[in-house]
Amino acid sequence: GNSVTQMEGPVTLSEEAFLTINCTYTATGYPSLFWYVQYPGEGLQLLLKATKADDKGSNKGFEATYRKETTSFHLEKGSVQVSDSAVYFCALNVGNYKLTFGKGTLLTVNP
Amino acid sequence: DVKVTQSSRYLVKRTGEKVFLECVQDMDHENMFWYRQDPGLGLRLIYFSYDVKMKEKGDIPEGYSVSREKKERFSLILESASTNQTSMYLCASSSGQGEGEQYFGPGTRLTVT
């Protein structure tokens with residue numbers, strides 16, 4: 001079956017630190033990959049996506065590269081801000097209706 | 001921009017009550033979803049619908065039902081609310097033509113006492 005594994009949180013960083021949140025997946029077929037972000041008290045927002053191997057998704061300074069050889073889609077940002085504090089979810093879709101989500105990683109950025 | 005709205009942000013109900021959660025999307029999306037979100041468990045799919053009057057069970061349908069009479073509206077029904085249904089409920093929609101990305105509403109935090 002399909003599954004997504006992302007690093008356990010919580011992750012606590014100081015402002016301007018480098019961020020990596022690891023995500024690996026198992027899928028039948030060729031999935032599209034997504035990162036969603038959930039700010040406190042809100043629903044999930046699509047942060048970025050990649051639909052085929054070697055694609056790089058990017059948005060708001062965040063990046064993730066679709067690595068088929070390592071079945072990974074790690075989220076990175078060079079310099080985090082306090083406003084990036086949120087829960088981050090990795091997800092995949094294999095062409096059916098449903099998304100398969102990871103459990104989420106809580107990021108806290110301190111000033 | 002896609003907009004998904006949910007009827008309430010916070011709801012408190014008593015055990016045994018019938019509860020309706022409403023979701024409306026304004027992008028003419030074919031697919032709509034209901035999830036619940038609990039600490040340590042992530043998002044779990046309750047039901048989804050890929051067309052008007054069509055529905056499919058997700059991973060945890062027990063104790064819930066759904067209704068989709070119009071394309072833009074998807075309702076989640078708790079026939080007899082129980083305390084273990086206290087949770088955050090998230091609605092989402094997606095286009096049948098996209099790469100599978102879903103657009104979420106702000107969520108309804110339901111407390112059953």
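Lettering follows sequence order; numbering is per chain, from 1.
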* Asked: After noting the C-alpha distance and the side-chain angles of A:Glu76 and A:Phe18, does the key distance pass the side chain to side chain contact (heavy atoms under 4.5 Å, CB included) rule?
  -> CA-CA 7 Å; A:Glu76 297 181 336; A:Phe18 185 86; 4.0 Å; yes
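Contact annotation for A:Gln38: only side-chain heavy atoms (C-beta onward) come within less than 4.5 Å of a heavy atom of chain B. Proximity to chain B involves both the backbone and the side chain of A:Lys103, based on heavy atoms less than 4.5 angstrom apart. Looking at B:Arg109, neither its backbone nor its side chain comes within 4.5 Å of chain A, counting heavy atoms on both sides.
In terms of heavy-atom pairs under 4.5 angstrom with chain A, the leader among B:Arg44, B:Met88, B:Gln37 is B:Gln37. Between chain B and the options A:Thr51, A:Leu92, A:Leu46, A:Val94, heavy-atom pairs under 4.5 Å are most frequent for A:Thr51.
For B:Tyr35 and B:Phe104, the ring centers sit closer than 6.0 Å to each other.
Using a 3.5 Å distance cut-off with no hydrogens or angles, the side chains of B:Ser75 and B:Glu22 do pair a donor with an acceptor.
Of all heavy-atom pairs spanning B:Ser49 and B:Asp51, the tightest one is OG-O, 2.8 Å.
A salt bridge does not link A:Asp54 with A:Lys52: every distance from a Lys NZ or Arg NE/NH1/NH2 to an Asp or Glu carboxylate oxygen is 4.0 Å or more.
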